[in-house]
Amino acid sequence: CLPLTSTPISFKKIWQGMDRLTGAGQSAYPFKDSHRVLELVKSSVGTAAWSADYTAFNQGTTGEALHLHSDGAAKIKTGTGVLTVNYWWPYGQSLISRAISSAACAKGINYFQPRTDDPILTSTNSDQRYSNHFFVIDFSLLNSPDQLTDIRVNFTQRAGTVTEFDLLLYEEGYVHTLDYSCAATNSNGACTNWQPIRSIANDVVRSDRRAGNITTKIIRNLNTLDQSKKYLLNIRAYTANKSISTITEYSYTIQDQNNENICP
């Protein structure tokens, strides 16, 4: 919800952020979440009218959906003339360009800050902001000048705990792949024993879930997929039953088969 202020946002504006004509319901957004809705609401009311109260509330809450990327809470400037460091990308951020290998992406560089799974959910919750980044693959944006066949994600540890990473590529309408399976239930059917697992669900069309401290993960043969569809690339820290220091930090790059950068 949005906080009450002296200038509350009207229901009409909120609905416009959700509907299929002007909001997140449009086909242009094949992968939808509440962050997209709030960004569209902000765009609808205008940056000037987006109260400082909303920004302060969003930046102060722990729910990742309320950290609007446009508010700047999850990105920092490292100095004059230096590109932005992005500690989080909103769900469904499109990858929109390929750059020569020596060029940085125009919107800055990518960082990960993995977190230990949420114990409130019996350690089955891979943090959807800190431990997962989600990017839309649209071949119409990425196939020029040559066809995209491979995606390589290169990880560099900056601080904290050594962490493993995975790549999962989903089709639209997917069910999120869990990193645990239920080994035992009680008489009410509730799980009493969750065990870590590196599964690959039917909705995953490409993946790299190799175990170990592998600093480059790769998904291949993208050219054999239906190029008219859009796909969701989940770059995931493998956190099942792992204890991860809160100072853990990695940078990463996304590249194609020619080592050219793929950029949000």
Side-chain angles (χ1 to χ4, degrees), residues 33 35 62-65 67 69 73-76 78 83-93 95 104-105 107-137 150-170 174 176-181 194-201 204 206-220 232-256 259 261-264:
D33 78 327
H35 180 275
T62 57
E64 71 275 1
H67 288 255
H69 198 257
K75 55 186 178 179
I76 62 169
T78 55
L83 287 172
T84 302
V85 173
N86 294 282
Y87 283 100
W88 169 65
W89 287 102
Y91 175 90
Q93 174 77 26
L95 296 174
C105 293
K107 292 183 180 179
I109 57 179
N110 309 316
Y111 268 64
F112 240 116
Q113 294 178 315
R115 293 290 184 268
T116 301
D117 292 350
D118 189 345
I120 295 176
L121 296 178
T122 323
S123 297
T124 60
N125 183 32
S126 178
D127 191 294
Q128 293 295 288
R129 170 179 169 180
Y130 290 101
S131 299
N132 294 265
H133 288 183
F134 297 90
F135 295 99
V136 171
I137 302 292
D150 299 355
I151 286 180
R152 306 165 185 266
V153 183
N154 310 297
F155 301 94
T156 301
Q157 185 180 9
R158 301 294 184 183
T161 307
V162 173
T163 304
E164 298 179 29
F165 291 89
D166 291 323
L167 305 183
L168 298 99
L169 190 68
Y170 292 106
Y174 73 96
H176 187 69
T177 299
L178 298 178
D179 286 341
Y180 295 85
S181 64
W194 290 99
Q195 294 295 320
I197 186 173
R198 231 163 179 156
S199 63
I200 301 173
V204 177
R206 297 288 186 275
S207 65
D208 186 346
R209 304 213 75 181
R210 291 173 292 160
N213 183 26
I214 301 170
T215 57
T216 298
K217 288 296 184 84
I218 307 172
I219 51 175
R220 303 183 187 276
L232 190 72
L233 175 63
N234 178 195
I235 304 175
R236 179 185 302 185
Y238 185 68
T239 55
N241 275 15
K242 305 287 186 181
S243 178
I244 299 175
S245 165
T246 57
I247 65 168
T248 301
E249 182 174 281
Y250 278 74
S251 62
Y252 68 93
T253 58
I254 307 171
Q255 296 182 321
D256 67 7
N259 297 320
N261 291 327
I262 301 177
C263 304

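Only a predicted model underlies this, so the values are computations on that prediction, with no experimental measurement involved.
With a 4.5 Å cut-off on side-chain heavy atoms, Leu168 and Arg209 count as touching. The closest side-chain heavy-atom distance from Arg152 to Asn259 is below 4.5 Å. Side-chain atoms of Ile235 and Ile254, non-hydrogen and from C-beta on, do get closer than 4.5 Å to each other. Using a 4.5 Å cut-off on side-chain heavy atoms (C-beta onward), Leu167 and Val153 make contact. Proximity of Leu232 to Val136: side-chain heavy atoms (C-beta onward) are separated by under 4.5 Å at one or more points.
Separating the OG atom in Ser207 from the CG atom in Asp166 is a distance of 8.0 Å, to the nearest 0.5 Å. Residue Asn110 holds its CG atom at 8.0 Å from OG1 of Thr253, rounded to the nearest 0.5 Å. Distance SG/Cys263 to CD/Gln93: 11.0 Å, rounded to 0.5 Å. Within the model, atoms CD of Glu249 and OH of Tyr111 stand 5.5 Å from one another, a figure rounded to the nearest 0.5 Å. For the atom pair Thr116 OG1 and Asn241 CG, the distance stands at 10.5 Å (nearest 0.5 Å). One distance of note links CG of Leu169 with CG of Asp208; it measures 12.0 Å at 0.5 Å rounding.
The two residues Lys242 and Glu164 come nearest to each other via the heavy atoms NZ-OE2, 4.4 Å. Heavy atoms only, all atoms of each residue included: Ser199 and Leu178 are closest at OG-O, 3.2 Å. Shown here for Ile244 and Pro114, the closest heavy-atom pair between the two residues is CG2-O, 3.7 Å. Taking every heavy atom of both residues into account, Pro196 and Tyr238 meet most closely at CB-OH, 3.8 Å. Shortest non-hydrogen contact noted between Lys217 and Arg210 is NZ-O, 2.9 Å. Closest approach of Thr248 and Arg115 over heavy atoms only: O-NH1, 4.2 Å.
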Is there a side-chain contact (heavy atoms from CB on, under 4.5 Å) between Thr163 and Gln157? Walk through the geometry before answering. CA-CA 8 Å; Thr163 304; Gln157 185 180 9; over 6 Å; no

Apply the test side-chain contact (heavy atoms from CB on, under 4.5 Å) to residues His176 and Arg236: give CA-CA distance (whole Å), side-chain angles for both, the deciding distance (0.1 Å), then the verdict. CA-CA 12 Å; His176 187 69; Arg236 179 185 302 185; 2.9 Å; yes

I'd like to know whether Ile151 forms a side-chain contact (heavy atoms from CB on, under 4.5 Å) with Ile137, so could you lay out the CA-CA distance, the side-chain angles of the two residues, the decisive distance to 0.1 Å, and finally the verdict. CA-CA 10 Å; Ile151 286 180; Ile137 302 292; 3.6 Å; yes

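Ring geometry for Tyr250 against Phe155 counts as perpendicular: the plane angle is over 60°, on a 0 to 90° scale with 30° as the lower cut. In this structure, Tyr170 and Tyr174 have parallel ring planes: the angle between them is below the 30° cut-off, well short of the 60° mark.
Asn261 contributes no side-chain N or O that, together with a main-chain N or O of Ala104, makes up a donor-acceptor pair within less than 3.5 Å. The closest donor-acceptor contact from the side chain of Asp179 to the backbone of Thr239 lies at 3.5 Å or more, if one exists at all. Looking only at distances, a side-chain donor or acceptor of Asn132 sits under 3.5 Å from a matching main-chain atom of Asp127. Distance alone, capped at 3.5 Å, is enough to place a donor-acceptor pair between the Thr161 side chain and the Ser245 backbone.
Two rings, from Tyr252 and Phe165, have their centers 6.0 Å or more apart.
In summary, the side chains of Asp117 and Ser126 do not present any donor paired with an acceptor at a separation below 3.5 Å, with no hydrogens or angles considered.
Contacts of Asp256 classified as salt bridge (charged side-chain N to carboxylate O under 4.0 Å, His left out), with partners at least two apart in sequence or in another chain: Arg98.
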